[in-house]
Amino acid sequence: MESRYNPAAIEEKWQQLWVEQGVDLTPEITDKPKFYALSMFPYPSGNLHMGHVRNYTITDVIARVRRMQGHRVLHPMGWDAFGLPAENAAIDRGVHPAKWTYQNINQMRTQLQRLGLSYDWNREVTTCSPDYYHWTQWIFLEFLKAGLAYQREAAVNWDPIDQTVLANEQVDSEGRSWRSGAKVERRLLKQWFFKITAYAEQLLKDLDQLDGWPERVKLMQENWIGKSTGAEVVFKTEGGDHLPVFTTRPDTLWGATFMVLSPEHPLVEKLTTPEQAAAIQTYQKAAAAKSEIDRTAEDREKTGVWTGSYAINPVNDAAIPVWIADYVLMGYGTGAIMAVPAHDQRDFEFAKTFDLPINVVVQPADREIDAATMKVAYADEGVMVHSGPLDGIPAGKGAGQSVEAAVKWLEQNGKGKGMATYRLRDWLISRQRYWGCPIPVIHCPSCGIVPVPEDQLPVQLPEDVEFSGRGPSPLAKLTDWINVSCPTCGEPARRETDTMDTFMCSSWYYLRYPDACNDHQAFDPAKTNDWMPVDQYVGGIEHAILHLLYSRFFTKVLRDRGILNFDEPFKRLLTQGMVQAAAYKNPKTGKYFAPSLLDLADPRDPETGDPLETVFEKMSKSKYNGIDPEQVLAKYGADTARMFILFKAPPEKDLEWDDADVEGQFRFLNRVWRLVTEFADRSTAASAANGALSKAEKDLRYAIHNAILQITEDLEGDYQFNTAVSELMKLSNALTEAPCKKSFIYQEGVETLVKLLAPFAPHIAEELWHLLNHSDSVHQQPWPQADPTALVVDEIPLVIQIMGKTRGTIQVPAAADKQQLEQYARESDLAQKYIAGKEIKKVIVVPGKLVNFVVE
RNA sequence: ACCCCUGUGACGAAAUCGGUAAACGUAACUUGCUUAAACCAAGUGUGUUGCAGGUUCGAAUCCUGUCAGGGGUACCA
């Protein structure tokens with residue numbers, strides 16, 4: 001018999017056997033409760049990194065436990081395989097994106113298989129494969145039919161490095177592209193959009209359904225959707241045009257002293273007087289050149305130009321000047337605002353810069369505000385003044401306060417209505433790149449936009465293309481491919497050359513797994529409705545808005561198309577923390593150094609000799625702190641890597657890589673190995689039960705069933721894998737120390753340990769299970785059940801407190817009631833020492849826990 | 001500026017409902033095994049839970065303030 005733990009020998013063996021036996025395939029039996037466990041699928045960059053390992057290990061443990069607990073489990077994997085890196089590889093190295101991508105997929109699949117992840121590989125999906133993108137195109141056409149896909153010319157984010165447009169979600173708060181990091185520019189282009197704003201309210205409201213999501217992710221989505229409630233008020237220009245504005249403070253309408261339009265507002269041209277035309281046009285040009293981020297950056301001086309015209313305030317018929325300024329955005333509200341400088345800081349600054357009038361309409365209780373002397377806008381509570389019908393009403397958004405009264409007045413007088421606006425913008429989904437899913441649309445000079453008929457899908461990506469440089473998409477140059485006849489009228493027409501945002505492909509992949517091989521449908525709704533929603537989704541926090549918001553949107557649209565019967569795709573979400581490692585940084589220069597160049601006992605900058613700072617940061621090439629999973633697997637095996645990752649930190653927290661702790665887990669698995677093999681080696685079988693258990697047996701049995709209870713609890717709810725592993729260690733320690741190694745209880749303990757270990761370290765558990773003379777798989781064993789009778793104890797320690805300070809414990813019968821507990825406590829030597837001669841004012845008894853004496 | 005999260009031994013962490021703070025593991029040290037070291041085994045030490053108040057018989061846990069680190073949003077009308 002193998003006497004040493006040798007992961008290299010057993011891991012590969014079991015991985016092969018499991019594939020042969022099909023133990024990880026999804027069962028089709030329907031009498032078991034379903035459980036859909038899903039990790040966010042990776043982009044096939046070619047190399048697995050530790051973040052992936054952590055993500056997939058977590059999901060794998062969840063899937064394995066559920067299987068043992070009697071669920072039919074769907075646990076699939078696939079590839080988010082369209083995207084720019086493949087195209088850049090083609091440009092830089094001359095490899096076709098498809099070849100590069102599929103090579104990477106093969107490499108990464110092998111790496112994943114080495115981790116012992118229990119995937120049903122029969123359901124693998126690859127978004128760049130025509131079998132898959134066929135249905136991405138079909139979904140696009142569904143959106144088109146629903147009126148939720150449209151083309152529009154708009155000022156959009158242009159990434160100058162990747163040479164493509166980007167959605168708002170893909171630009172960070174500093175105006176940089178999520179992928180290339182380049183500062184985005186603003187360009188006026190005709191682009192495809194998805195009308196996600198039509199679902200803003202539902203996307204916001206249904207966050208309430210997501211009890212199993214981290215609060216902070218829900219909060220981030222809530223902020224991103226950015227609902228503001230207020231009113232739409234319709235102003236009129238002197239020429240009689242309607243000029244609606246959105247405001248959250250309709251109550252301050254009587255204090256509006258001017259209006260500001262976005263430079264792109266359609267009425268600007270009409271409102272501009274000949275004298276102002278030159279100034280307005282200059283300003284419009286300057287604004288167009290700036291990105292939205294630049295325009296809205298804070299602490300910029302207010303700029304603007306008067307159009308020369310006036311508008312009529314509908315509440316008092318006052319004529320107020322109409323300005324344009326770039327701080328008003330065409331994409332939000334109506335692209336026009338009424339300015340109330342006395343009560344809005346931005347308007348106040350604008351009024352001060354251009355010497356415009358300020359009218360106070362809210363007065364605070366404790367002082368009097370004077371328009372001439374005020375230094376900042378007043379936005380707090382007070383009482384309405386100079387506001388006609390609102391005079392005397394308390395200012396505020398609550399019931400019976402001024403905003404409510406103003407909305408009521410507007411509606412009664414036909415001057416406006418209550419309304420909500422959202423910060424969320426429509427999703428820009430077209431990209432000027434080759435390696436993406438073609439948009440299945442044909443542009444016909446006479447019929448306009450014509451969808452490619454469903455029987456002609458998929459529109460295949462042409463393979464024979466040239467990648468010359470980072471110019472425009474190579475598709476735009478393929479005249480043979482572009483020129484087609486219109487499917488409706490047969491006249492010459494042109495294909496759409498833009499491809500879809502890759503987030504489109506990943507917004508529905510989880511719907512495909514339940515029916516991944518379907519070649520005549522995206523999926524059979526019956527199968528998808530059966531498996532969905534995903535019971536547990538696991539992935540990185542970086543998708544808190546992007547992928548998770550888009551997927552929720554897709555789900556709701558397909559539900560409204562009658563294809564799906566649920567509202568939300570992901571019932572529970574776990575966002576795992578980053579994997580960090582020590583990096584060595586010169587605090588003066590900010591430069592990082594590879595550990596191989598340094599003496600780690602005293603790290604110094606090799607150039608300057610400065611002492612270096614050791615910091616834990618996300619693994620990256622530029623910081624020289626990456627740990628290659630391949631090397632860890634080669635040295636310790638997958639089971640150790642898994643155990644380390646699970647034990648080192650709770651799943652949502654960042655995890656600091658530490659080689660010493662990896663060693664620690666390897667040692668633990670070695671201890672388990674010895675413990676089990678030594679037991680299996682003993683030829684004398686464990687003695688059977690005869691009569692009552694000894695004290696040692698009872699104690700051991702308690703330890704076994706307590707471990708079952710604790711680990712089972714840790715795997716429910718918050719997924720505390722770190723404490724679950726520590727419970728495994730405690731059980732292992734208890735078995736090592738147990739004086740009753742010949743008892744059948746000891747055998748129960750050893751077998752339970754192996755079963756409890758199975759989801760965490762699947763290979764060693766399987767090997768040990770077989771060494772214990774079992775011929776079936778440990779992964780098909782039922783999850784151990786804690787026996788309540790084993791957890792009953794005769795005596796418990798009772799804490800004695802005096803004035804809330806713990807003084808010690810006494811042993812008391814577990815069955816004692818409150819009165820008896822107090823009695824035991826009073827009589828104990830421990831308490832006597834402190835309460836002798838003192839008056840006891842109060843006694844607090846917490847059954848099963850403590851007795852506290854409050855004395856004089 | 002606003003919102004959110006996190007501060008516990010040398011380090012990672014654990015502590016249902018407020019009830020023995022530090023389980024479990026790293027690292028360090030001692031001893032045994034060994035020719036020696038590693039491995040392995042036995043053992044040892046580390047604490048006013050970031051800080052200041054408050055509530056309570058009792059606070060890591062609840063409340064107020066404050067400091068530090070991280071994240072999100074940001075002229076959104």
Side-chain angles (χ1 to χ4, degrees), chain A residues 4 172-174 214-224 226-228 230 245-250 252 259-260 262 292-293 295-300 302 325-329 331-340 344-347 349-350 421-425 541-542 544-545 577-578 616 643-644 647-650 652-665 667-668 670-671 674 710 713 717 720 722-730 732-733 736 797-809 841-855:
Chain A
R4 248 184 65 244
D172 70 13
S173 58
E174 286 174 350
E215 282 304 319
R216 78 175 165 141
V217 174
K218 289 194 276 185
L219 202 68
M220 280 164 74
Q221 293 213 355
E222 192 182 317
N223 289 340
W224 186 260
K227 182 175 183 175
S228 299
V245 300
F246 173 74
T247 175
T248 56
R249 291 297 302 274
T252 61
M259 294 186 78
V260 187
S262 161
E292 184 162 307
I293 299 291
R295 278 176 57 170
T296 57
E298 212 178 343
D299 54 73
R300 271 184 66 229
K302 290 283 175 293
D326 61 8
Y327 79 92
V328 176
L329 307 171
Y332 186 78
T334 61
I337 62 163
M338 65 170 199
V340 185
D344 182 285
Q345 186 58 25
R346 292 155 297 173
D347 299 345
E349 286 165 22
F350 196 86
T421 306
Y422 303 86
R423 214 194 63 102
L424 182 73
R425 311 292 168 84
I541 186 76
E542 66 274 17
I545 294 170
M578 283 186 293
F616 276 90
M643 291 290 284
F644 163 75
F647 178 68
K648 178 71 178 174
E652 328 74 38
K653 265 199 156 188
D654 289 345
L655 180 153
E656 294 177 0
W657 191 270
D658 180 356
D659 288 328
D661 283 321
V662 180
E663 291 272 2
Q665 288 305 316
R667 280 203 291 265
F668 170 63
N670 271 287
R671 282 200 296 276
R674 277 197 304 275
Q710 298 302 327
E713 274 178 13
Q720 293 167 303
N722 52 334
T723 50
V725 172
S726 80
E727 291 296 333
L728 287 169
M729 291 171 167
K730 283 188 207 169
S732 156
N733 293 345
T736 306
L798 183 72
V799 174
I800 306 297
Q801 288 187 345
I802 314 294
M803 301 293 285
K805 277 210 167 62
T806 299
R807 295 301 183 184
T809 61
K841 291 176 74 179
K842 200 173 168 189
V843 181
I844 288 128
V845 181
V846 182
K849 282 257 162 66
L850 62 83
V851 175
N852 183 15
F853 295 99
V854 184
V855 295

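When reading the values below, keep in mind they use all heavy atoms of this one structure, side chains included, and skip hydrogens, waters and symmetry mates.
- Considering only side-chain N and O atoms, A:Asn733 lies under 4.0 angstrom from the phosphate OP1 or OP2 of B:G25.
- Comparing B:C76, B:U26, B:G12 by their nearest atom to the side chain of A:Glu656 picks out B:G12.
- If you measure from atom CE of A:Met338 to atom P of B:C76, you get 14 Å, rounded to the nearest angstrom.
- Listed by chain and residue number, A:Ile711, A:Asp714, A:Phe760 satisfy the side-chain contact (heavy atoms from CB on, under 4.5 Å) test with A:Ala724 (two or more places apart in sequence, or in another chain).
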(request) Determine, for nucleotides 5-10 of chain B in 5'-to-3' order, which nucleotides have protein heavy atoms under 4.0 Å from the base (write B), from only the sugar-phosphate (write S), or from neither (write -). (result) ------

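- Scanning atom types as modelled, no donor and acceptor separated by under 3.5 angstrom connect the side chain of A:Arg346 and the base of B:C76.
- The interatomic distance linking A:Glu215 (CD) with B:C4 (P) rounds to 11 Å, in whole Å.
- Rounding to whole angstrom units, CD of residue A:Gln345 and C1' of B:C2 are separated by 15 Å.
- As judged by a 4.0 angstrom heavy-atom cut-off over every strand, A:Pro797 is placed among the base-contacting residues.
- Looking at RNA chain B, the stems built from 3 or more consecutive Watson-Crick or G-U wobble pairs, each pair with its key distances under 3.5 Å, are B:1-7 with B:67-73, B:10-12 with B:24-26, B:28-32 with B:40-44, B:50-54 with B:62-66.
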Could you write out each protein N or O paired with an N or O of nucleotides 55-61 of chain B at a distance under 3.5 Å?
residue	atom	partner	partner atom	Å
B:C57	O2	A:Asn852	ND2	2.1

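- Contacts of A:Glu222 classified as salt bridge (charged side-chain N to carboxylate O under 4.0 Å, His left out), with partners at least two apart in sequence or in another chain: none.
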Please write out the pairs of protein N or O atoms and N or O atoms of nucleotides 38-41 of chain B separated by less than 3.5 Å, giving the distance to one decimal.
residue	atom	partner	partner atom	Å
B:C40	O3'	A:Arg674	NH2	3.2
B:A41	OP1	A:Arg674	NH2	3.4

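- Under the ring pair (Phe, Tyr, Trp, His ring centres under 6.0 Å) criterion, A:Phe246 pairs with no residue at all, not counting sequence neighbours.
- A salt bridge links A:Lys218 to A:Glu215: one of the charged nitrogens lies within less than 4.0 Å of a carboxylate oxygen.
- Residue A:Gln720 places at least one side-chain N or O under 4.0 Å from the OP1 or OP2 atom of B:A15.
- Base orientation of B:G72: anti, the glycosidic angle falling outside 90° of 0.
- Every residue was checked against the side-chain hydrogen bond (donor to acceptor under 3.5 Å, both in side chains) condition with A:Asn670, not counting sequence neighbours, and none meets it.
- Within the 3.5 Å criterion, the main-chain N or O of A:Ser732 finds a donor-acceptor partner in the side chain of A:Thr736.
- At least one donor-acceptor pair under 3.5 Å links the side chain of A:Gln221 to the backbone N or O of A:Ala544.
- The separation between A:Leu329 atom CG and B:A74 atom C1' is 12 Å, rounded to whole Å.
- Atom CG in A:Leu219 sits about 11 Å away from atom P in B:U73, given to the nearest Å.
- Phosphate contact (OP1/OP2 of B:C76, side-chain N/O of A:Thr421, threshold under 4.0 Å): absent.
- Per the geometry, CG belonging to A:Asp659 stands 19 Å off P belonging to B:C11, to the nearest Å.
- A:Gly664 comes within contact range of the sugar-phosphate backbone alone, with a heavy-atom separation under 4.0 Å but no base atom that close.
- The listed nucleotides are B:U26, B:A21, B:G19; the one nearest the side chain of A:Thr806 is B:A21.
- If A:Ala660 and A:Asn722 are placed on RNA chain B by their nearest nucleotide, the residue sitting closer to the 5' end is A:Asn722.
- Here A:Trp657 pairs with A:Phe644 under the ring pair (Phe, Tyr, Trp, His ring centres under 6.0 Å) rule; sequence neighbours left out.
- Nearest heavy-atom pair across A:Asn223 and A:Arg423 is O-NE, 3.7 Å.
- The distance from atom OH of A:Tyr332 to atom P of B:A74 is 12 Å, rounded to the nearest whole Å.
- Nearer to the 5' terminus of RNA chain B, by closest-nucleotide assignment, is the contact made by A:Ser726 (compared with the other of A:Ser726 and A:Thr248).
- Remark: A:Arg807 engages no residue in a side-chain hydrogen bond (donor to acceptor under 3.5 Å, both in side chains) (not counting sequence neighbours).
- Residues A:Asp654 and A:Met578 come closest through the heavy atom pair OD1-N, 2.8 Å.
- Across every non-hydrogen atom of A:Val725 and A:Gln665, the tightest pair is CG1-OE1, 4.1 Å.
- Base orientation for B:C39: anti, the chi torsion being more than 90° from 0.
- A search for ring pair (Phe, Tyr, Trp, His ring centres under 6.0 Å) contacts involving A:Phe668 returns nothing, not counting sequence neighbours.
- A:Lys849 pairs by the side-chain contact (heavy atoms from CB on, under 4.5 Å) definition with A:Val846, not counting sequence neighbours.
- Residue A:Phe350 contributes atom CZ, which lies 15 Å from atom P of B:C76 at whole-angstrom precision.
- The minimum heavy-atom distance between A:Lys302 and A:Arg346, with the atom names listed, is CE-O, 3.6 Å.
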